[in-house]
There are 2 protein chains.
Amino acid sequence: MAMPRLNEFHDRDLKISDFAKVLSHPARVAILRVLAEKKECICGDLVADLPLAQASVSQHLKALQEVGLIQGTIDGPKSRYCIDWKVFDRFQRDMGKWSEKMMNLRQDNCC
Amino acid sequence: MAMPRLNEFHDRDLKISDFAKVLSHPARVAILRVLAEKKECICGDLVADLPLAQASVSQHLKALQEVGLIQGTIDGPKSRYCIDWKVFDRFQRDMGKWSEKMMNLRQDNCC
DNA sequence: AGCCTATATCGTATGCATACGATGATCAAG
DNA sequence: CTTGATCATCGTATGCATACGATATAGGCT
């Protein structure tokens with residue numbers, strides 16, 4: 001009964017919702033912000049900054065990696081992360097296009 | 001154990017994640033799109049367009065209403081919905097500001 | 001080799017989101 | 001006032017996301 005039938009949604013809508021899903025948790029937003037702010041992008045720093053256990057932070061890092069928004073490099077025993085700005089820019093541009101398209105569709109003869 | 005301690009996240013991050021949560025389901029994105037496209041914004045039309053039961057659509061409509069993105073008007077036995085463009089514009093602007101801020105923080109000496 | 005540090009992953013528990021049928025509420029029409 | 005149509009809400013079931021401790025992995029150090 002809880003079968004979302006996600007395949008029947010339009011691709012354009014799925015694209016936006018998929019992107020939004022990535023940012024739908026404050027931890028992931030915070031990770032992106034910290035990665036953009038700090039010069040050192042080490043996992044331990046993130047764990048220190050976030051109100052989460054190390055395992056949870058790693059989990060969120062993995063999610064961000066899976067959509068390509070961040071890249072991880074093994075640096076000795078540590079892990080260095082950074083934002084893939086090319087991907088970030090594409091995401092941001094897509095969102096911009098979406099809201100722009102929405103604005104253009106605006107109909108004044110409604111409600 | 002599954003206590004997110006959400007209160008310990010920064011407000012700026014929560015603001016973005018809250019917004020993203022609204023768009024994190026294709027049904028809500030689709031509803032917004034259909035509302036922007038169609039001249040008639042009747043609930044039944046949305047039910048016909050979406051691969052969801054009427055109860056589920058109503059649920060998503062309620063969620064969109066709770067964040068102010070759409071407004072509902074009772075029109076006889078029907079319900080007429082429309083986007084609150086003032087709110088939509090504020091959301092869109094906030095997202096834009098966020099990504100702009102992110103871009104500005106970009107540090108080249110990382111990774 | 002043995003140990004410490006840093007991180008990823010596994011396993012598990014739990015809560016939230018979601019989907020739906022059923023029911024309730026409201027209005028128009030006859 | 002009864003019927004049919006439309007929609008909201010309730011109750012419930014279920015799956016996904018999330019959080020965490022525990023464990024595995026890997027590298028550096030002595």
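The chains referred to below are lettered A, B, ... by the order of the sequence lines, with proteins before strands, and numbering in each begins at 1.
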Spacing of OH belonging to A:Tyr81 relative to CD1 belonging to A:Ile42, to within rounding of 0.5 Å
11.5 Å
On a heavy-atom basis, which atom in A:Ile70 and which in A:Gln65 lie closest, and how many Å separate them?
O-CG, 3.5 Å
Could you write nucleotides 4-10 of chain C as a row of B, S and -, 5' to 3', where a protein heavy atom under 4.0 Å of any base atom gives B, of only sugar-phosphate atoms gives S, and otherwise -?
--SBBB-
From NE2 of A:His25 across to C1' of C:dC16 the rounded distance in Å is 11 Å
On the nucleotide D:dA17, are OP1 or OP2 found under 4.0 Å from the side-chain N or O atoms that A:His60 carries?
no
Parallel, tilted or perpendicular: rings of B:His25 and A:Phe9 (30°, 60°):
perpendicular
Does B:Lys38 pair with B:Asp49 as a salt bridge, N-O distance under 4.0 Å?
yes
So, for A:Trp98 and A:Phe91, is the gap between ring centers shorter than 6.0 Å?
no
Consider only side-chain heavy atoms of I, L, V, M, F, W and Y, link residues closer than 4.5 Å, and tell whether B:Ile16 and B:Leu105 are in one cluster.
no
Would you kindly give the CD1-to-C1' distance between A:Ile31 and D:dT18, to the nearest whole Å?
13 Å
What is the distance, to the nearest angstrom, from the CD atom on B:Glu8 to the P atom on D:dA19?
12 Å
How close or far is atom P of D:dG28 from atom CG of A:Asp75, stated in whole angstroms?
9 Å
Rounded to whole Å, the CG-P distance (A:Leu50 to D:dC20) equals 11 Å
